[in-house]
Structures are given as C-alpha cells and as structure tokens.
Visitor: 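Before I ask anything, let me first share the structure, which is written out below as structure tokens.
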Protein chains: 2
Amino acid sequence: MSLKYAVLAALLEGEASGYELSKVFDVSFANFWPATPQQLYRELERLAQDGLVEARFVQQERRPNKRMFTLTEAGREDLRAFAAEPPRRPTSVRDELLIKLQAMEDPEAARALVEERMTWARGKLDRYERVRDRLLDGRTEEEYLSESGRVGPYLTLLRGISFEEENLRWCERVLAVLRQRAALG
Amino acid sequence: MSLKYAVLAALLEGEASGYELSKVFDVSFANFWPATPQQLYRELERLAQDGLVEARFVQQERRPNKRMFTLTEAGREDLRAFAAEPPRRPTSVRDELLIKLQAMEDPEAARALVEERMTWARGKLDRYERVRDRLLDGRTEEEYLSESGRVGPYLTLLRGISFEEENLRWCERVLAVLRQRAALG
DNA sequence: GGCACCTACTCAACTAATTGACTATGAGGT
DNA sequence: ACCTCATAGTCAATTAGTTGAGTAGGTGCC
C-alpha cells in the first residue's frame, strides 16, 4: 500500500520514467522505502490503470523507447490525503547484521563484521553528501529553505544522513564493548 | 531466509514456545527483524521438519497445551555458519512517516506528525530501558560484560536504544527546520 | 453477570517482494 | 572481434509477509 504513495511522492519532483524512478529508489528513497525495479514497473502499471498517473510513450533513437509518467490531479489529491493522516504501520528495520551479532560467539568475527559495516556506512554518507550538494546547488541551508517550495526531500535526506551517522557511533560502541570484554576475559 | 536464523538466534536463549517467541519478536527482536506470530509458527514448523529445532508437547492444566522448541545441534551449527559470513542484503528501513514528509505541503501537519513520532519514540526508549534493567539484573554494564557468556543480546539492545535516540534528535532537527522556514517565509 | 483480555495456537486467503532469465540497442574499452 | 556496462524495460516462478477469523479455557475488573 505504501509503495504506491512512495511512487506518487517521487513523481512530485516531475515526470520520470520507470528506469529513472528505479535510480531514485536506489539512492535517496532507499533510506525509507526500498523498492526493486520490478516492483516499480508493476506499481506504475497499477497507478496508470487507476488514473493516478499518466503515461506517455517516448520514441528514442539511440536507446530503447521508454514511458514517461506524470502525476494526475487525482494522484496528487490521493497523495495529499495520505500525507495528512498519521502512519498506520510502525517503522520497521531489517538488519541481518544484528541477527548475526545476536547469535555471535566469536568476538573476532563480530569485530570484522562491524568494521565492514562501518566502511559501508561511510560510503553511504559520502553519497548522501553528494545528493545534498546537488539539492542545495551552491546555496546555504538557509537560502535553500527560504527559496525552495518543498522541504520534504531535504528532511528525508537528513534522516538518511542521521541514520548512518548513528550507525557509525553504535559500531564504535560495539567495538569498545568487545575490547572491554576482551580485556576483562 | 533470515527469519529462519532470527528464530534460531532467539532459541539460543533457551527453550521457548511459539507464543513466547512472538513476545520476543514484539519487543527486543522487533528492532532488527520484525515478525508476526503467524510467521513464527510457520517458520517453527519448517525448522522442526528440517531437524534444526526439536519440539515437545507440554500438557497444561489451566491453560491451552503448548509446544516447546529447543535448538538441535544441527540448528546450532547452521546458525554458527550463518553468523560467520557477511550479510547478504543491506539494512532496510521502511518508514511511512518519511513518505508523508517527503510529500508534505502543509508544515503544520508535518509538525503534528513529527511530534507524534517523538512521543512514540520516548515510549519505546522507556520499554528498552526496562529490558536493559532486566538484562543487567542489578549489575553494572562492566559486571554484566564480564559475567555473561553472550554479549549479542546486549549489543542489539544498544542498537535499538541508539536508533530511537537518533530518531528523537532528527525530529528536533526537523522541528527546527520547520520553525526556521516559518520565520523566513 | 458480563465483557475484555491473556494464553496458545491453527487455517485460509491475500498481497507484497525477490530472483533469475530474457529482449533490445548503443557506448566504450582492449 | 569481443566484453562489459548503461539504458529501458518484460515475464514467470517462488518466497515472504499480512489480515482476519476461529477455537478454547482462564483471569481480572467493575
């Protein structure tokens, strides 16, 4: 149900193809609503059938043809109604590393997995930084906030950044606990 | 696939019924691998068929009968192998609020949703605090870490706590941005 | 005396998500 | 000449997850 609105929300930024959307869901939207290309194509099909988006074919010369999707007024209205009411389902996090850590017996293996996670988190932060720069486009945060119509994209980006930063802090904490335990044991 | 190992990991704490497991997946495990009772019963069935857990019926007098599950040596071994290798799939977060925020036009409605989220996060932190107290059982963290065989449960609990704390910090940030924008606009 | 809630599940139907393979074309490198 | 990567998708099969109802005895509250 929510994927529907995630797609509609993504289309608020303007007309997009399924392929372009799959890129968006691979970077910025991935932090709060991951989706594979297959999910997106199916969802777009449904949305078009329900009249919430409009599709048009675009013939291309040096690339495969594509379909571009736009929000309809009905889609905009549906999204508006969704955004106004409180979330139905609680935030859900799925993290395999935590299962492994929960079960872990070997502290050395745990340390290795946690350090891998840290490297990964730093990579993600770098990518967010680039998304942020593109959003701000040379302006300061203040300028951006006063000029730009919609703040949503910025706030969700901040959440992604804050999540990864916390991830790093927690990893540090885990390493400290493992060291302490090694010293005590 | 990972639910399987989440269940096995939960059974590391000792024999449990499906019902008891569903309680565990409602509190501590909920932070990194949510599962409904129905999922658990199905998974336990499968695990028993595969010989990774052993089930025994327990007749009860004043309550419905139940089945208690224990890890077998094969289950323990399978879990060990899983825990040693790096995660296959990245962490995934699903958060409806962020879709709503991404789409949001009305700052006042946004503020209300964010404050609701804050109340909720504080409630969750309280519950974690109680879980933590039960784990530590009067000991300091140092004592716990030197006495207890397995650190996993403590580290995953820390992640839950850290996630909600960060949630609160991000909410504060969002409120600040909304205020700033209101002042600028 | 009735009603809601807790324990302890089972069953059926449904929707969502994942995986892998397949179709095309073009660009760039070695 | 071949290989990989990027664009832009489609199809089919399977697994995972959700929802709602049903069963059945016990406890606690007003």
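What you see is a predicted model, and the numbers here were worked out from it, not measured in a lab. Chain letters run A, B, ... following the sequence lines, proteins first, then strands; residues in each count from 1.
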Visitor: So which one's nearest nucleotide on DNA chain C is more toward 5', Met68(B) or Arg94(B)?
Guide: Met68(B)
Visitor: For Ser17(A), report the nucleic acid contact type (base, sugar-phosphate, nothing); a contact means any heavy atom under 4.0 Å.
Guide: sugar-phosphate
Visitor: Looking at Glu164(A) and Arg122(A), is any side-chain nitrogen of the basic one under 4.0 Å from a carboxylate oxygen of the acidic one?
Guide: no
Visitor: Rounded to whole Å, how long is the line connecting atom CG of Leu40(A) with atom P of dG9(D)?
Guide: 11 Å
Visitor: Taking atom C1' of dG9(D) as reference, at what distance in whole Å does atom CG of Asn65(A) sit?
Guide: 10 Å
Visitor: Rounded to whole angstrom units, what separation is found between the CD atom of Gln39(A) and the P atom of dG17(D)?
Guide: 13 Å
Visitor: More 5' along DNA chain C: Arg89(B) or Arg46(A), using each one's nearest nucleotide?
Guide: Arg46(A)
Visitor: Are Gln38(B) and dT18(D) close enough that a side-chain N or O sits under 4.0 Å from OP1 or OP2?
Guide: no
Visitor: Would Phe25(B) and Val7(B) satisfy side-chain contact (heavy atoms from CB on, under 4.5 Å), going step by step from the backbone distance to the final call?
Guide: CA-CA 9 Å; Phe25(B) 276 82; Val7(B) 171; 4.2 Å; yes
Visitor: Show the numbers, then the answer: is there a side-chain contact (heavy atoms from CB on, under 4.5 Å) between Glu172(B) and Met118(B)?
Guide: CA-CA 9 Å; Glu172(B) 290 291 6; Met118(B) 289 179 84; 3.4 Å; yes
Visitor: Could you tell me how far apart Arg63(A) (CZ) and dG9(D) (C1') are, to the nearest whole angstrom?
Guide: 14 Å
Visitor: Please collect all salt bridge (Lys or Arg N to Asp or Glu O under 4.0 Å) contacts where either partner lies in residues 150-161 of chain B, sequence neighbours excluded, each pair once.
Guide: Glu13(B)-Arg150(B)
Visitor: Starting at atom CZ of Arg42(A), determine the distance to atom C1' of dT10(D), rounded to an integer number of angstrom.
Guide: 12 Å
Visitor: Which part of the nucleic acid, if any, lies within contact of Arg67(B), taking any heavy atom under 4.0 Å across all strands shown: a base, the sugar-phosphate backbone alone, or nothing?
Guide: sugar-phosphate
Visitor: What is the separation between atom OH on Tyr41(B) and atom P on dT18(D), rounded to the nearest whole Å?
Guide: 16 Å
Visitor: Assess whether a salt bridge exists between Arg132(A) and Glu141(A), defined as any Lys/Arg side-chain N lying under 4.0 Å from an Asp/Glu carboxylate O.
Guide: yes
Visitor: With sugar-phosphate meaning primed atoms plus P, OP1 and OP2, does Lys4(A) contact a base, only sugar-phosphate, or nothing at under 4.0 Å between heavy atoms?
Guide: nothing
Visitor: Which whole-number value in Å describes the distance from Tyr19(A) OH to dC5(D) P?
Guide: 13 Å
Visitor: Just the rounded figure in Å: distance from C1' of dT19(D) to CZ of Arg88(A).
Guide: 14 Å
Visitor: Show me the pairs that pass ring-ring contact (aromatic ring centres under 6.0 Å, His included) and involve residues 62-117 of chain A, at least two apart or across chains.
Guide: Tyr5(A)-Phe82(A)
Visitor: Going 5' to 3' along DNA chain C, between which two nucleotides do contacts with chain A fall, using a heavy-atom cut-off of 4.0 Å?
Guide: dA16(C) to dA27(C)
Visitor: Taking only Lys NZ, Arg NE, NH1 and NH2, and the carboxylate oxygens of Asp or Glu, determine whether Arg88(A) and Glu96(B) approach each other closer than 4.0 Å.
Guide: no
